[in-house]
Asker: 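Please find one structure pasted underneath; my questions will follow.
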Amino acid sequence: TGSAAAVSDKTANQMWLADHLGVAGALMYAAAREQDLLCRAFGNCLAGPELDREVGSLHSCKPIGEAAKKLFTYVRYDADLSPMGLASLHVDQCKSKDVQQMDSIEFLDDLAEVGAKAAVKVVDAKHFANF
């Protein structure tokens, strides 16, 4: 998958109604992060980036609650689709605003290149040894 945190350089007083419509993107980002956290908590997470400094990556964390064991095996690869993240992947022709659109097929070739470059950095066959 890929994501980028919603960021604005405007203060609340500088925003108008159209700016607040961007809240939907922020809510989608938050929902995706929540689902990732739940998959890591209930599943055996073999690989994935750190969620935040407090939670960490939850790789190999113990089962929670009533569960006697992890319910499934989970690996998370998440490309950073921010301008800085794309620059680190050296995909200069890709624009962050283009590849973040969830409902557009116009930039599938760009997304495929981002996925290929990100995979070289993070995918490891060892992650799949325990599936």
Side-chain angles (χ1 to χ4, degrees):
T1 63
S3 63
V7 178
S8 176
D9 57 354
K10 296 180 180 179
T11 66
N13 291 335
Q14 294 172 323
M15 291 183 177
W16 62 293
L17 181 59
D19 293 314
H20 291 288
L21 295 177
V23 168
L27 291 174
M28 290 297 293
Y29 178 77
R33 298 283 291 184
E34 176 191 29
Q35 291 303 309
D36 187 15
L37 173 68
L38 291 172
C39 285
R40 291 171 190 237
F42 290 101
N44 181 25
C45 183
L46 302 178
E50 187 174 87
L51 291 168
D52 62 31
R53 291 185 305 235
E54 183 178 352
V55 175
S57 66
L58 295 180
H59 295 177
S60 304
C61 73
K62 293 180 181 175
I64 60 171
E66 300 287 323
K69 62 179 184 157
K70 292 293 188 160
L71 303 174
F72 51 88
T73 302
Y74 181 69
V75 173
R76 177 72 175 209
Y77 301 121
D78 203 7
D80 181 357
L81 300 178
S82 70
M84 200 165 67
L86 293 176
S88 75
L89 293 174
H90 307 289
V91 285
D92 303 324
Q93 81 287 357
C94 298
K95 293 186 177 131
S96 181
K97 67 178 181 61
D98 295 339
V99 295
Q100 289 183 39
Q101 297 181 36
M102 292 176 33
D103 60 347
S104 174
I105 60 170
E106 184 178 353
F107 302 102
L108 287 179
D109 290 340
D110 288 349
L111 283 167
E113 183 169 356
V114 168
K117 295 270 180 112
V120 169
K121 284 183 132 180
V122 296
V123 176
D124 186 340
K126 293 178 201 163
H127 297 161
F128 301 97
N130 295 318
F131 264 79

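If you read the sequence from its start, that first residue is 1, and numbering goes on from there.
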Asker: Verify the cluster assignment for L46 and V123: are they in a single hydrophobic cluster under the rule of side-chain heavy atoms below 4.5 Å apart?
Answerer: yes
Asker: How long is the span from the CG atom in D110 to the OG atom in S96, to the nearest 0.5 Å?
Answerer: 11.5 Å
Asker: Flag yes if M84 and L81 sit in one hydrophobic cluster, no otherwise; membership is Ile, Leu, Val, Met, Phe, Trp, Tyr, and two members link when side-chain heavy atoms are under 4.5 Å apart.
Answerer: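 Unlinked, M84 and L81 end up in two clusters.
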Asker: How close do Y77 and D124 get, counting heavy atoms only, and between which atoms?
Answerer: OH-N, 3.8 Å
Asker: Does one hydrophobic cluster hold both Y74 and L38, with members joined at side-chain heavy-atom distances below 4.5 Å?
Answerer: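 Same cluster.
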Asker: Over all heavy atoms of both residues, which pair between K117 and V91 is shortest? Give the atoms and the distance, please.
Answerer: CG-CG1, 3.8 Å
Asker: Looking only at heavy atoms, which two atoms of C45 and S57 are closest? And how far apart?
Answerer: SG-O, 4.3 Å
Asker: Report yes or no: do F128 and V122 belong to one cluster of Ile/Leu/Val/Met/Phe/Trp/Tyr joined by side chain heavy-atom distances under 4.5 Å?
Answerer: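 Same cluster.
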Asker: List the atom of K121, the atom of L89, and the distance in Å for their closest heavy-atom pair.
Answerer: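 Of all heavy-atom pairs spanning K121 and L89, the closest is CD-CD2, 3.5 Å.
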Asker: If you take all heavy atoms of K70 and R40, which pair is closest and at what distance?
Answerer: NZ-O, 3.3 Å
Asker: Verify the neighbour count for atom CG of D52: are there more than 12 heavy atoms of other residues, nucleotides or ligands below 6.0 Å?
Answerer: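 Yes, enclosed.
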Asker: Which atom pair, heavy atoms only, marks the closest approach of V114 to C94?
Answerer: CG2-SG, 4.0 Å
Asker: How many angstroms lie between CG in D80 and CG in L86, if you round to the nearest 0.5 Å?
Answerer: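 Interatomic distance, D80 CG to L86 CG, rounded to 0.5 Å: 7.0 Å.
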Asker: Only counting residues at least two apart or in another chain, list the ones meeting side chain to side chain donor-acceptor pair (under 3.5 Å) with Q93.
Answerer: E113
Asker: Take a 6.0 Å sphere around CG of L108 and say whether it holds more than 12 heavy atoms from other residues, nucleotides or ligands.
Answerer: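 Atom CG in L108 is packed in, count exceeds 12.
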Asker: Given the rule that I, L, V, M, F, W and Y join up when any side-chain heavy atoms are under 4.5 Å apart, are L51 and V75 in one cluster?
Answerer: no
Asker: Any chance you could measure R76, atom CZ, to Q35, atom CD, to the nearest 0.5 Å?
Answerer: 9.5 Å
